[in-house]
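Starting from 1, each residue takes its place in the sequence as its number.
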Amino acid sequence: MKALLLENIHDEAVRTLREAGYEVERVSGALGEDELIEALDGVDLLGVRSRTQVTPKVVAQRGETLTAVGAFCIGTNQLALDDLARAGVAAFNAPFSNTRSVVELVISEIIALARRLGDRNTQMHHGVWRKSAIGSHEVRGRTLGIVGYGNIGAQISVLAEALGLSVMYYDVADKLPMGNAHRCDSLEELLQSVDVVTVHVDGRADNTLLFGEQEFSMMRPRSLFLNLSRGHVVDVAALADNLRTGHLAGAAVDVYPSEPRSGDEPFVSELQSLDNVILTPHVGGSTQEAQIDIGRYVAGKLIDYSERASTSMSVNLPDITTGATPGARIGHLHLNMPGIMADLNRLVADHGGNVTYQALATRGELGYTVLDIDETDRELLVDVTRLEGTIRARVL
């Protein structure tokens, strides 16, 4: 089987896949839609990061031959998840692997913005010695507001308190506070109460332009703003305006509505050349430790699905965790409809198979079944795919 890895996915993923017997092709940059369709000819497993878009068109043309897709990052908004599911292609990501890396960057940027280290560094590189305390502050005793209290937000909360910051957070879900963090009932309450705002929401469409002129106007004068979540969350023009007027004292941004697909393309933003603005090229999770862990984790998930039919931690299929395959194994993705399990078991029996293990999970309109049988014949897969409601079936 063949795996295609794009966007400089870490060597650890290559090593993990090759050790499992997969042929691996690597591409350093992202691919456009038509380029990706062409590159996927004969490919079973696809690995991408944040810039390559696995669109409905890609799935329509290559979904029948693809087995699984791995997003070697946290976000999955670059994947057409519903289309992949309907094509029977499992999708995986790395929801925890780079959490610590992002958290450390956030904490360091809060301190750097409070001390205006970006400005001081630029001035020194231009030969300007500006030894002054004007505009430079400690973070101890200030209040941090975290928008989105998931894995990253919660860890930021813990480290921020250790630095002497008070913490408030807002999340649409009811999240248990860490330490002494205070949960706000609304985004407005948080924005009006804190000195620093850091955003850590997911890429769902509902979060588009979550921060615009209205939200920035609610923030305290001379507060700080950080976005290391998704580029489309923030109205960049409104952020730039509030930095120019001095309403905001500084900002740190790692993600953008439009990002270069490779280092050969120029980066252009209204935030360039503004005072006390730290711009980084989507490197929140880009540490060696995080990339090694992501490479190992996502490659392992792709292998587990390919060889053991395990959908554990899949972001688009029902979740079933499996062990080693003792004999023959059927992975059967189907519509969540009455009677299909009875039909499947009857078919296995008709082929002389004895079920030794069976698991079923559902997710909305989808059902996924794993059956271990002690023996089978080669015609079983053909007959399984003909069952009413079958989306995709594999015999391992």
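Between H334 and T369, the closest side-chain pair of non-hydrogen atoms falls below 4.5 Å. Using a 4.5 Å cut-off on side-chain heavy atoms (C-beta onward), S166 and N180 make no contact. Considering only heavy atoms from C-beta on, Q291 stays 4.5 Å or farther from S101 through its side chain. Contact annotation: the side chain of V201 never approaches that of R230 to less than 4.5 Å [non-hydrogen atoms, C-beta and beyond]. Between L159 and Q155 there is no side-chain heavy-atom pair separated by less than 4.5 Å.
For E7 (side chain) and R49 (main-chain N/O), a donor-acceptor pair under 3.5 Å exists by modelled atom type. Counting only distance, with no hydrogens or angles, the side chain of N354 and the backbone of D374 share no donor-acceptor pair below 3.5 Å. Of the possible donor and acceptor atoms, one in the side chain of N8 sits under 3.5 Å from a partner among the backbone N and O of S28. Using modelled atom types, no side-chain atom of N207 and backbone atom of G203 make a donor-acceptor pair closer than 3.5 Å. Between the side chain of H247 and the main chain of M219, a donor-acceptor pair closer than 3.5 Å is present. A side-chain donor-acceptor contact under 3.5 Å links H10 to the backbone of E12.
Crowding of Q123 atom CD: a count of heavy atoms from other residues, nucleotides or ligands under 6.0 Å exceeding 12. More than 12 heavy atoms of other residues, nucleotides or ligands sit less than 6.0 Å from atom CD of E35. The number of heavy-atom neighbours closer than 6.0 Å to CD of Q192, taken from other residues, nucleotides and ligands shown, is above 12. The local environment of CZ in R115 is sparse, with at most 12 non-hydrogen atoms from other residues, nucleotides or ligands closer than 6.0 Å. Around the CD atom of E388, the shell of radius 6.0 Å holds no more than 12 heavy atoms that belong to other residues, nucleotides or ligands.
A chain of hydrophobic side-chain contacts below 4.5 Å, direct or via other Ile, Leu, Val, Met, Phe, Trp or Tyr residues, connects L45 to L317. Neither Y357 nor L396 shares a network with the other; the hydrophobic side chains, linked directly or stepwise wherever heavy atoms of I, L, V, M, F, W or Y lie under 4.5 Å apart, form separate groups for each. The cluster map of Ile, Leu, Val, Met, Phe, Trp and Tyr, joined by side-chain heavy atoms under 4.5 Å apart, puts V196 and V103 in the same cluster. Hydrophobic clustering (side-chain heavy atoms under 4.5 Å, transitive across Ile, Leu, Val, Met, Phe, Trp, Tyr) groups I152 together with V158.
Heavy atoms only, all atoms of each residue included: S157 and V167 are closest at OG-CG1, 3.6 Å. Between A71 and V298 the shortest heavy-atom distance is O-CG2, 3.8 Å.
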- Task: Dump the intermediate steps for side chain to side chain donor-acceptor pair (under 3.5 Å) on D293 and S97, then the final yes or no.
- Result: CA-CA 6 Å; D293 196 60; S97 297; 2.9 Å; yes
- Task: Let me see the working for R183 and D171 under salt bridge (charged side-chain N to carboxylate O under 4.0 Å, His left out), right down to the final yes or no.
- Result: CA-CA 8 Å; R183 183 181 187 276; D171 198 296; over 6 Å; no
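Looking at D343 and R386, no side-chain N of the basic residue comes within less than 4.0 Å of a carboxylate O on the acidic one, giving no salt bridge. Salt-bridge annotation for D372 and R329: present, with a side-chain N of the basic residue lying under 4.0 Å from a carboxylate O of the acidic one. A salt bridge links R220 to D195: at least one charged side-chain nitrogen sits closer than 4.0 Å to a carboxylate oxygen.
The one candidate from V255, V253, N227, T208 that meets the side-chain contact (heavy atoms from CB on, under 4.5 Å) condition with V234 is N227.
Pairs engaging residues 64-107 under the ring pair (Phe, Tyr, Trp, His ring centres under 6.0 Å) rule: none recorded [sequence neighbours left out]. Note on residues 202-211: pairs passing salt bridge (charged side-chain N to carboxylate O under 4.0 Å, His left out), not counting sequence neighbours, are D202-R204.
Under the 4.5 angstrom side-chain criterion for Ile, Leu, Val, Met, Phe, Trp and Tyr, the cluster partners of L36 are L4, L6, V27, L31, I37, L40, V43, L46, V48, V54, V58, V59, L66, V69, L79, L81, L84, V89, V315.
Using a 30° and 60° split on the angle between ring planes, F225 and F216 fall in the perpendicular class, above 60°.
Distance check: Q358 CD to I330 CD1 gives 9.5 Å after rounding to the nearest 0.5 Å. Within the model, atoms OG of S223 and CG of L144 stand 11.5 Å from one another, a figure rounded to the nearest 0.5 Å.
Scanning for side-chain hydrogen bond (donor to acceptor under 3.5 Å, both in side chains) contacts around D275 gives an empty result, with sequence neighbours left out. With sequence neighbours excluded, no residue forms a salt bridge (Lys or Arg N to Asp or Glu O under 4.0 Å) with R51. Every residue meeting the side-chain contact (heavy atoms from CB on, under 4.5 Å) condition with E19, not counting sequence neighbours, appears here in chain and number order: R15.
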